[in-house]
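So the structure is just underneath, and the comments pick up after that.
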Amino acid sequence: MRFLALLVMLFATRAAAADLALVGATLFPNPEAEPVRDAVVWVKDGRIAAIGARDQVTLPEGVEVIDYTGKFITAGFWNSHVHIFTPDLLHARDTPVEQLDASLEAIFTRWGFTTVFDVASDVDNTLALRDRIERGEVSGPRILTVGQPFWVKTPIYVVDYLHAHGIEIPPVTTPEEATARVASLAGRGVNGIKLFTGSVQGRGAVANMDVELVRAATAEAHRRKLPVFSHPQNTEGLEAAVEGGVDVLAHTAPQSPAWTPEFVARLNEARVALIPTLTLFRVEGERGELPPEILQRWIEHALSQVRAFHEGGGDLLFGTDVGYIDQFDTAEEFELLARAGLDFRAMLTSLTTAPAGRFGDAVHTGRIEPGSAADLVVLDDDPREDVTALARVRATVRGGKFIYRAR
Ligand SMILES: [Zn+2]
């Protein structure tokens, strides 16, 4: 027993993140604060120990100092709409470490994501991947997950994929089933619930969820302090989501009419957040071979919904639907958000404090402040001058450890 205890201690020491200081960069501690030039970010035991201008922070001896003069540092990014669903992540229990490291870097960490919310996947596999990351075996972001999604009928665009990979996600058709499924998933450690309040079927048909089913799932989820995401699809699914009490719309809904100030006020009243996923509509439109002018109109319509929501003071969460789409680069999403009227600070809010405010905790605050998790992104260029700089990441630090460094 004593030997084991010693081993555990040795392992714990080796696994602990070294103290380090990132110096010389321009620091954005949070979206509202004035940036700090020539800053020091001192990281101790995976948390922020101190921040300030170089002449305000005295570093103790033995701290590893990394020079980031000319770079820009923000809090770690959250991607609030991802899927642990790419083929190379589907067998997380048995896939070699190097392969998982490479995939997680390509999809998440090289884009600055220190936390991702998986909003539908194979729950067994996602929990296995999360386990390997949390054990320190694999290098990746913190994964929050809804596990299996709820739908009354499987969306047509995932039927073949699920079948090909032997994944079964049975439909949920009654309020009683919904309550039971929420309880069962909660027992497995999920962090939220995802409802396809609308599910695309053949020839433009949509299988919408009955509002009573939405209410039952939402009530049980909220009783367990789990947020509820909705994939709305059209007006009816959007109504079922809002009436049913969901917390987050996982997409804009270009199949629903323009969002009026009254509708946006109603969303705000119900504290419903929105994940724009604007790149998705371009990708889907091209996949469906929409004529360019129709595609353009469709994207403009999605942009107008985000613009209306943003102007109405709505709570926007950054998310890309990566894992469903295989475009990992986030630059296009930032460009589209700029076209919808978001400036750098609004984007940083959607990447950090807004999701942390909903899904975070006392440590994961989306802010760089003493006591918070040392989740950081180092950018090559100034995101105030060009928002696509948010996609040019030099390094990603999670809990005081580098999970990505540009080579
Ligand atoms: Zn999705």
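Everything numeric in this text was worked out from a predicted model, so none of it was measured. Each ligand, and each atom within it, is numbered from 1 in the order the structure gives.
Geometric assessment of Arg181 against the ring of Phe150 yields a positive cation-pi assignment under the 6.0 Å and 45° thresholds. Both tests hold for Arg405 against Phe402: distance to the six-membered ring centre under 6.0 Å, angle to the ring axis within 45°.
Excluding waters, the set of protein N/O/S atoms under 2.8 Å from the Zn ion (ligand 1) reads His81 NE2, His83 NE2, Asp321 OD1.
Using a 30° and 60° split on the angle between ring planes, His231 and Tyr157 fall in the tilted class, from 30° to 60°.
His83 and Ser121 form no side-chain donor-acceptor contact under 3.5 Å, judged by distance and modelled atom types alone.
A side-chain hydrogen bond (donor to acceptor under 3.5 Å, both in side chains) with Asp315 is found for one member of His310, Arg271, Arg358 and no other, namely Arg358.
Applying the salt bridge (charged side-chain N to carboxylate O under 4.0 Å, His left out) test to every pair with at least one member in residues 161-178, sequence neighbours left out, gives no pairs at all.
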